[in-house]
Amino acid sequence: MNQVDLESLRYLIIDGHSIMNSWDSLYKLHRANKSSARLDLIRRMTNYQDVTEERVIIVFDGRGDENDCINEENGIQIFYSKSGITADQIIERLAGKYSRSRSITVASKDKAVLDTCSSFGANVISPKTLEELLEGAEDNLRRRLI
């Protein structure tokens, strides 16, 4: 079995709530049902990961008193911050720890998060750019299925 070279993998770290509050479709869904919006983002980013082979990590602000919770759903890593820790802090820690040894892109609308992650060597993109990348991946997937 071939061992995967971790340095060659690309990672996309997403500020979940930032994206849900930036994309019109997710914003409307989030206002009606937060869980459904979260699941829709996860579903769409699963398709993105499948098409691009870029590893997707989504970080959400927490679930109360739980510890940092890491779930893997359809191959995507999902982090929920614990009480007293923000998703922004987790994103910045991940970028700080891994940006020098791996290709990391961070998607958020929070300029401070993007500036901090960029200073660690991560690529940074806006919610709009992520949406455009996702739409391109979804079009590619549709073409493959026809």
Peer 1: A side-chain contact here means heavy atoms from C-beta on lying under 4.5 Å apart; do Leu133 and Tyr48 qualify?
Peer 2: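 Yes. Closest side-chain heavy atoms under 4.5 Å.
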Peer 1: Among residues at least two apart in sequence or on other chains, which ones pass side-chain hydrogen bond (donor to acceptor under 3.5 Å, both in side chains) with Thr129?
Peer 2: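 Applying side-chain hydrogen bond (donor to acceptor under 3.5 Å, both in side chains) to Thr129 gives Ser126.
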Peer 1: Evaluate the side-chain proximity of Ile85 to Ile90: yes if any heavy-atom separation is below 4.5 Å, no if none is.
Peer 2: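 The answer is yes; the side chains approach within 4.5 Å.
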Peer 1: Please name the pair of heavy atoms, one in Phe120 and one in Ser99, separated by the smallest distance, quoted to 0.1 Å.
Peer 2: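 Phe120 and Ser99 have their closest heavy atoms at O-CB, 3.2 Å.
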Peer 1: My understanding is that only residues two or more places apart in sequence, or in another chain, count here; which of them pass side chain to side chain contact (heavy atoms under 4.5 Å, CB included) with Ser118?
Peer 2: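 Partners of Ser118 by the side chain to side chain contact (heavy atoms under 4.5 Å, CB included) criterion, ordered by chain and then number, come out as Val124.
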Peer 1: Return the CD1 to CG distance between Ile58 and Leu41, rounded to the nearest 0.5 Å.
Peer 2: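 Here the rounded value is 4.5 Å.
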Peer 1: Give, for atom OG of Ser22 and atom NZ of Lys109, the distance between the pair rounded to the nearest 0.5 Å.
Peer 2: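 Reported to 0.5 Å precision, the distance equals 4.5 Å.
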Peer 1: Should Trp23 and Pro127 count as side-chain neighbours, where that means a heavy-atom distance under 4.5 Å?
Peer 2: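 Side-chain contact under 4.5 Å: yes.
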Peer 1: Taking Glu54 for its side chain and Gln49 for its backbone only, find out whether a donor-acceptor pair lies under 3.5 Å.
Peer 2: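 Side chain of Glu54 to backbone of Gln49: no pair is present.
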Peer 1: Tyr98: which residues meet the side chain to side chain contact (heavy atoms under 4.5 Å, CB included) condition with it, sequence neighbours left out?
Peer 2: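 Tyr98 satisfies side chain to side chain contact (heavy atoms under 4.5 Å, CB included) with Leu94, Arg102, Ile104 once adjacent residues are dropped.
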Peer 1: Is a donor on one side and an acceptor on the other found under 3.5 Å between the side chain of His17 and the backbone of Asp61?
Peer 2: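 Present.
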Peer 1: Do you know which two heavy atoms are closest between Cys117 and Ile91, and how far apart they sit?
Peer 2: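 So the two residues come closest at SG-CG2, 3.9 Å.
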Peer 1: Can you list the residues that meet the side-chain hydrogen bond (donor to acceptor under 3.5 Å, both in side chains) rule with Ser119, with sequence neighbours excluded?
Peer 2: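 Ser119: no side-chain hydrogen bond (donor to acceptor under 3.5 Å, both in side chains) contacts found.
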Peer 1: I need the minimum non-hydrogen distance between Ser81 and Ala87, along with the two atoms involved.
Peer 2: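 Closest approach of Ser81 to Ala87, heavy atoms only: OG-N, 3.9 Å.
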Peer 1: Indicate the atoms forming the closest heavy-atom contact of Asp110 with Asp88, along with that distance.
Peer 2: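 Shortest heavy-atom contact: OD2-OD2, 3.1 Å.
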Peer 1: Sorted by first residue and then second, give each salt bridge (Lys or Arg N to Asp or Glu O under 4.0 Å) pair with at least one member in residues 137-146; sequence neighbours left out.
Peer 2: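 Every salt bridge (Lys or Arg N to Asp or Glu O under 4.0 Å) pair that includes a residue of residues 137-146, provided the two are not neighbours, is Arg44-Glu138, Asp139-Arg142.
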Peer 1: Would you say the side chain of Ile42 lies within less than 4.5 Å of the side chain of Ile78, judging by non-hydrogen atoms?
Peer 2: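 The answer is yes, as the side chains (C-beta and beyond) meet within the 4.5 Å cut-off.
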Peer 1: Which residue pairs satisfy the salt bridge (Lys or Arg N to Asp or Glu O under 4.0 Å) criterion with at least one member in residues 25-35, sequence neighbours excluded?
Peer 2: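 Qualifying pairs: none.
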Peer 1: Within the structure provided, determine whether Val56 and Gln77 are in side-chain contact (heavy-atom separation under 4.5 Å).
Peer 2: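 They are not in contact (no side-chain heavy atoms under 4.5 Å apart), so the answer is no.
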Peer 1: Check for a donor-acceptor pair, side chain of Ser108 on one end and backbone N or O of Asp15 on the other, with a separation under 3.5 Å.
Peer 2: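 No: the side chain of Ser108 does not pair with the backbone of Asp15.
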Peer 1: Linking Ile, Leu, Val, Met, Phe, Trp and Tyr by side-chain heavy atoms under 4.5 Å, what else ends up with Leu29?
Peer 2: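 For Leu29, no cluster forms, as it stays isolated from other hydrophobic side chains.
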Peer 1: Would you please name every residue forming a side chain to side chain contact (heavy atoms under 4.5 Å, CB included) with Asp115, sequence neighbours left out?
Peer 2: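 By the side chain to side chain contact (heavy atoms under 4.5 Å, CB included) rule, Asp115 matches Lys111.
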Peer 1: For Glu92, which residues count as a side-chain hydrogen bond (donor to acceptor under 3.5 Å, both in side chains) partner, sequence neighbours excluded?
Peer 2: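 Glu92 satisfies side-chain hydrogen bond (donor to acceptor under 3.5 Å, both in side chains) with no residue once adjacent residues are dropped.
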Peer 1: I'd like to check the salt bridge (Lys or Arg N to Asp or Glu O under 4.0 Å) partners of Asp40; sequence neighbours left out, ordered by chain and number.
Peer 2: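 Listed in chain order: Arg43.
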Peer 1: Starting at CG of Leu130, measure out to CD of Glu135 and round the result to the nearest 0.5 Å.
Peer 2: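 Those atoms lie 10.0 Å apart.
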Peer 1: Could you check if a side-chain atom of Arg55 sits within less than 4.5 angstrom of a side-chain atom of Leu12, using non-hydrogen atoms only?
Peer 2: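 No, too far: nothing below the 4.5 Å cut-off.
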Peer 1: Under a single-linkage rule joining Ile, Leu, Val, Met, Phe, Trp and Tyr whose side-chain heavy atoms are separated by less than 4.5 Å, which residues share a cluster with Val51?
Peer 2: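 Under the 4.5 Å side-chain rule, Val51 groups with Leu141, Leu145.
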Peer 1: Got Ile14 and Met20 here, is their nearest side-chain heavy-atom distance under 4.5 Å?
Peer 2: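 Answer no - side chains too far apart.
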Peer 1: Going only through I, L, V, M, F, W and Y residues with side-chain contacts under 4.5 Å, is there a path from Leu9 to Val106?
Peer 2: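 As far as the 4.5 Å side-chain criterion goes, Val106 and Leu9 are connected within one cluster.
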Peer 1: Tell me, with the steps shown, if Ile57 and Tyr11 meet side-chain contact (heavy atoms from CB on, under 4.5 Å).
Peer 2: CA-CA 7 Å; Ile57 300 163; Tyr11 293 84; 4.0 Å; yes
Peer 1: Can you name the closest pair of heavy atoms from Thr52 and Arg10 and give their distance?
Peer 2: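 Scanning both residues completely, I find the closest heavy atoms to be O-NH2, 2.8 Å.
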Peer 1: Output all residues satisfying side chain to side chain contact (heavy atoms under 4.5 Å, CB included) with Glu132, sequence neighbours left out; order by chain, then residue number.
Peer 2: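 Glu132 satisfies side chain to side chain contact (heavy atoms under 4.5 Å, CB included) with Lys128 once adjacent residues are dropped.
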Peer 1: Which atom pair, heavy atoms only, marks the closest approach of Asn123 to Ser103?
Peer 2: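 Asn123 and Ser103 have their closest heavy atoms at ND2-OG, 4.3 Å.
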